[in-house]
Amino acid sequence: MSISVSLKALGSALPEGVVLVAVSKFHPVEALREAYDAGQRIFGESRANEMASKAAALPDDIEWHFIGHLQTNKVRTVVPHASLIHSIDSPRLLDAVDAEALREGRRVKVLMQLHVAKEETKFGFTPDELTEYLTPGRVEALRATDIVGVMGIASNVDDEERIRRDFRDIRTTFDTLKAGVFAGKPEFSIISMGMSHDWPIAVAEGANMVRIGTTIFGEREY
Ligand SMILES: *Cc1c(COP(=O)(O)O)cnc(C)c1O
C-alpha cells in the first residue's frame, strides 16, 4: 500500500479524538514528504540528529515528536525541535530537559514513560516509581516543562491478554496521576500507547495518541 493510502485507511479506522503520530524513524525525507502531502502533520522520530536534519529539510508546520530513548547529551539537539517528548524515562532526563528549555527560553511538553512490558531492556518508570516520584513539589519545581501525560510500550508478545494488561496498567497509572498530583490540570491529558501491531487494543484500553510506523511507511531498514 502507498503511504497516502495507508494514512487514509488509518485515518478512518482510528476513532475521533485519537491522535496519530506517524513514526518516520529511519525512513528518508521523501517518504515523510509524501505523508505530509497526504495531510499528515505529526511525525515521530527516535534519534536526535535524524530529527534535527529532517526538521531542517521539511516544512515548519510539522509537529515533531521525540519517541526514543533520549540521552542527556542529546537534549540540546532535541529541545529546539520537539513539540512533544514522549520518552522521559528518568529523573535526570526530566531535569536536563527542563534546564535546556529554560536556557532556550521556551516551554517544552513531555510525557512520562512507563515501563510495564515484561522485557527488561525497556526504559521508563514502573507505575509505582512514577506515582511516588511525581510529588506536587517535584511537579511545581519544573520551570519550563509541562508534563502532559504518559507513554508506554506493551510487551512484545503474541499473548493479547498480556498486551491488554500492560495497556491497562498505563491507563490506570494515568488515572491515578490525573486524580492526584495533576488534579485540576486539564493539560495532563495524553495517553500515548499503541503501535502498528497492537494499536486497536491500546485504543480499546483508552489510548488517545498512537505511534504508528510500519503500517504507514513499511518495514524499516536498520
Ligand atoms: C518505532 C516505534 C514505534 C512504531 O513502531 P511500528 O511497529 O513501526 O508501528 C512506536 N513507538 C516507539 C517508542 C517506537 O520506538
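Start at 1 and go down the list; that is how both ligands and their atoms are numbered. Reckoned from all heavy atoms, side chains included, excluding hydrogens, waters and symmetry mates.
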Ligand 1-proximal atoms of H86, by part, heavy-atom distance under 4.0 Å: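 Neither part.
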
With a 4.0 Å cut-off on heavy atoms, is R220 in contact with ligand 1?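 Yes.
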
Enumerate the atoms of ligand 1 whose separation from the nearest heavy atom of [X] is less than 4.0 angstrom.
X: I212; result: 9 (O)
X: R211; result: 4 (C), 9 (O), 10 (C), 11 (N), 12 (C), 13 (C)
X: T214; result: 6 (P), 7 (O), 8 (O), 9 (O)

Would E100 and R103 count as a salt bridge (charged side-chain N to carboxylate O under 4.0 Å, His left out) if you check the C-alpha gap in whole Å, the side-chain angles of each, and the deciding distance to 0.1 Å? CA-CA 5 Å; E100 181 59 17; R103 203 188 67 86; 3.0 Å; yes

Other residues, nucleotides and ligands only: do more than 12 of their heavy atoms fall within 6.0 Å of [atom1] on [X]?
X: K109; atom1: NZ; value: no
X: D158; atom1: CG; value: no
X: E119; atom1: CD; value: yes

Any nitrogen or oxygen of S46, side chain or backbone, less than 3.5 Å from one on ligand 1?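 No: no nitrogen or oxygen of S46 is under 3.5 Å from one in ligand 1.
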
Polar contacts were defined as any N/O atom of the residue lying under 3.5 Å from an N/O atom of the ligand; does this apply to G213 and ligand 1?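 In this structure, G213 places an N or O atom under 3.5 Å from an N or O of ligand 1.
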
Please determine if R138 and D95 form a salt bridge, counting it only when a charged side-chain N lies under 4.0 Å from a carboxylate O.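 A salt bridge is present here (some side-chain N lies under 4.0 Å from a carboxylate O).
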
Could you work out, with side chain to side chain contact (heavy atoms under 4.5 Å, CB included) as the rule, every residue matching D60, not counting sequence neighbours?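 Once residues adjacent in sequence are excluded, D60 has no partner under the side chain to side chain contact (heavy atoms under 4.5 Å, CB included) criterion.
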
